Amino acid sequence: MARFLKTIMGSGAAVLAATAGLAAFTAWNRKRAEQLVPPDGQFADVKGGRLHYLAIGEGAPIVLVHGLGGQLRNFTYALSELLSPHHRLILVDRPGSGYSTYQGDGNCGLATQAAMIVELMDQLGLDRPVVVGHSLGGAVALSMALGHPGKIGGLALLAPLTQPIEAVPQVFKALDLSSPIARTALAWTLAAPAGRLGSDAANAQVFGPEPFPVDFETRGGAALTLRPEAFVAACGDVEAARSEMAGIAARYGELSLPVGIMFARGDLLLDPSVHGQPTVAAIKGAELKMIEGGHMFPLMQPQVTADWIMERAKT
């Protein structure tokens, strides 16, 4: 019995040591990420949290909302420099992503995120801007238009999530956690090392069939994705999408503003036949543009994307 207890205690000590080591690595990785990708813009306090945003350019306003696990550098990577000579751009970190925060320990739902971004628009005095939403940001943009009619001038959606999700893409399976305790435990132990080890495979799926850029970690802001708070928030985003998308999709007939959707035929994350065609059919006057490429075409094909957005901004 004494030998058994010694073995169990020894095993427990090993587990504690391993956990402490993983937590220390996570803390180091978090500090490293914030050094590699510091805040680029300003901060605004809104109901429910604090938003980090970047305002550049002049002209008719465009608000850009990034997708799952992203942040505003997804747009400054290449797209914003093409748009800013013609438009006033507001690039925002979604609540929980990048350097934006939200209050409470639970999920920050899509409708809540939409309300926070609309409040930021009001603070900045934006008059019916076009909202560009990429991927999950497309769902938030749709929620903005549905929940705040009259505030949005039009939607230009890039590879958007628009329909209920039956299965989470393989690259995001680790985020499909409903337990807050499990999210936090994983965020401070395995998420960062596993994410760093699997980054090449993950990026291949996110960007494929196009090659992923080697500078995406810094220039695209991806280093911030593996911070523990970002991991927890991304888990909440997945759960929010699962619980809210059916309600959002059911209301598309209410939309009366110009809506355009752009998809790449080779998208490995969101199927255009599911999130493109059925959605434009449900929204009066909506248009769908198909191009070649993958899910991250706003980074990989910025000129094509910018030209389309500016054309949408004229409608």
Side-chain angles (χ1 to χ4, degrees), residues 26 29 33 65-71 73-74 93-98 100 106-110 113 133-143 157-180 182-210 212 216-217 220-246 248-249 263-264 266-272 274-276 294-300:
T26 298
N29 186 73
V65 185
H66 65 82
L68 181 64
Q71 62 111 209
R73 284 199 186 189
N74 287 186
D93 284 346
R94 288 189 302 100
S97 299
S100 291
N107 300 334
C108 187
L110 305 183
Q113 295 184 38
H134 177 231
S135 196
L136 181 68
V140 174
L142 286 160
S143 186
L157 308 178
L158 312 174
L161 172 70
T162 66
Q163 299 293 330
I165 54 174
E166 296 182 3
V168 177
Q170 185 61 41
V171 69
F172 296 132
K173 282 290 187 183
L175 302 174
D176 196 10
L177 294 172
S178 59
S179 167
R183 293 174 185 175
T184 301
L186 193 59
W188 278 99
T189 54
L190 296 175
R196 288 177 64 85
L197 288 172
S199 61
D200 286 351
N203 282 330
Q205 185 173 0
V206 171
F207 281 88
E210 296 172 294
F212 67 88
F216 184 55
E217 182 182 36
L224 297 179
T225 302
L226 296 179
R227 294 181 307 158
E229 57 267 55
F231 179 87
V232 170
C235 291
D237 286 338
V238 169
E239 185 171 345
R242 192 188 297 281
S243 63
E244 294 182 49
M245 283 312 303
I248 291 173
F263 254 109
D267 196 316
L268 300 179
L269 295 185
L270 295 175
D271 187 343
V274 174
H275 298 276
H295 190 70
M296 299 298 281
F297 64 82
L299 286 80
M300 306 309 295

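What you see is a predicted model, and the numbers here were worked out from it, not measured in a lab.
- Taking 4.5 Å as the limit, every side-chain heavy atom of Asn74 sits out of range of all side-chain heavy atoms of Pro298.
- Residues satisfying the salt bridge (Lys or Arg N to Asp or Glu O under 4.0 Å) test with Glu239, not counting sequence neighbours, are Arg183.
- Closest heavy-atom contact between Ser143 and Ile248: CB-CD1, 4.2 Å.
- The heavy-atom pair separating Ala246 from Pro164 by the smallest distance is CA-CG, 3.6 Å.
- Under the rule for a salt bridge (Lys or Arg N to Asp or Glu O under 4.0 Å), the partners of Asp176 that lie at least two apart in sequence or sit in another chain are Arg242.
- Looking only at side-chain heavy atoms (C-beta outward), Leu175 and Leu68 come within less than 4.5 Å of each other.
- Taking all atoms of both residues into account, the shortest heavy-atom contact from Ser97 to Gly70 is CB-O, 3.5 Å.
- Annotation: the span from Gln71 atom CD to Asp93 atom CG amounts to 5.0 Å, rounded to 0.5 Å.
- Partners of His295 under the ring-ring contact (aromatic ring centres under 6.0 Å, His included) rule, at least two apart in sequence or in another chain, are His134.
- What you find for Ile165 and Ala241 is that their closest heavy atoms are CD1-CB, 4.2 Å.
- Under the rule for a side chain to side chain donor-acceptor pair (under 3.5 Å), Ser100 has no partner lying at least two apart in sequence or in another chain.
- Residues passing the side chain to side chain donor-acceptor pair (under 3.5 Å) test with Glu244, sequence neighbours excluded: none.
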Cut-off 3.5 Å, no hydrogens considered: what does the side-chain donor-acceptor table look like for residues 227-236, sequence neighbours left out?
| unit_1 | atom_1 | unit_2 | atom_2 | d |
| --- | --- | --- | --- | --- |
| Arg227 | NE | Leu224 | O | 3.4 |
| Arg227 | NH1 | Glu34 | OE2 | 3.0 |
| Arg227 | NH2 | Gly98 | O | 2.3 |
| Glu229 | OE1 | Arg30 | NE | 3.3 |
| Glu229 | OE2 | Arg30 | NE | 3.3 |
| Glu229 | OE2 | Arg30 | NH2 | 3.0 |

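- Here the closest heavy-atom approach between residue Ala223 and residue Ala33 is recorded as O-CB, 3.3 Å.
- Residues meeting the ring-ring contact (aromatic ring centres under 6.0 Å, His included) test with Phe172, sequence neighbours left out: none.
- Judged by distance alone, with hydrogens and angles left aside, the side-chain atoms of Thr225 form a donor-acceptor pair with the main-chain N or O of Gly69 at under 3.5 Å.
- Looking at Asn203 and Met296, their side chains never come closer than 4.5 Å, going by heavy atoms from C-beta outward.
- The distance from the CD atom of Glu210 to the CG atom of Leu299 is 9.5 Å, given to the nearest 0.5 Å.
- Between the side chain of Arg73 and the backbone N or O of Ala222, no donor-acceptor pair lies under 3.5 Å.
- Scanning both residues, Gly266 and Pro209, for their nearest heavy atoms gives O-CD, 3.3 Å.
- How far OG of Ser135 is from CG of Asp267: 7.5 Å, rounded to the nearest 0.5 Å.
- Phe212 is linked by a ring-ring contact (aromatic ring centres under 6.0 Å, His included) to nothing, counting only residues two or more places apart in sequence or in another chain.
- Residues meeting the side chain to side chain contact (heavy atoms under 4.5 Å, CB included) test with Ala139, sequence neighbours left out: Leu110, Leu136, Leu161, Met245.
- Of the inter-residue distances, the one linking Phe263 atom CZ with Asp271 atom CG reads 8.0 Å to the nearest 0.5 angstrom.
- Rounding to the nearest 0.5 Å gives a distance of 11.0 Å between CD of Gln163 and CG of Leu270.
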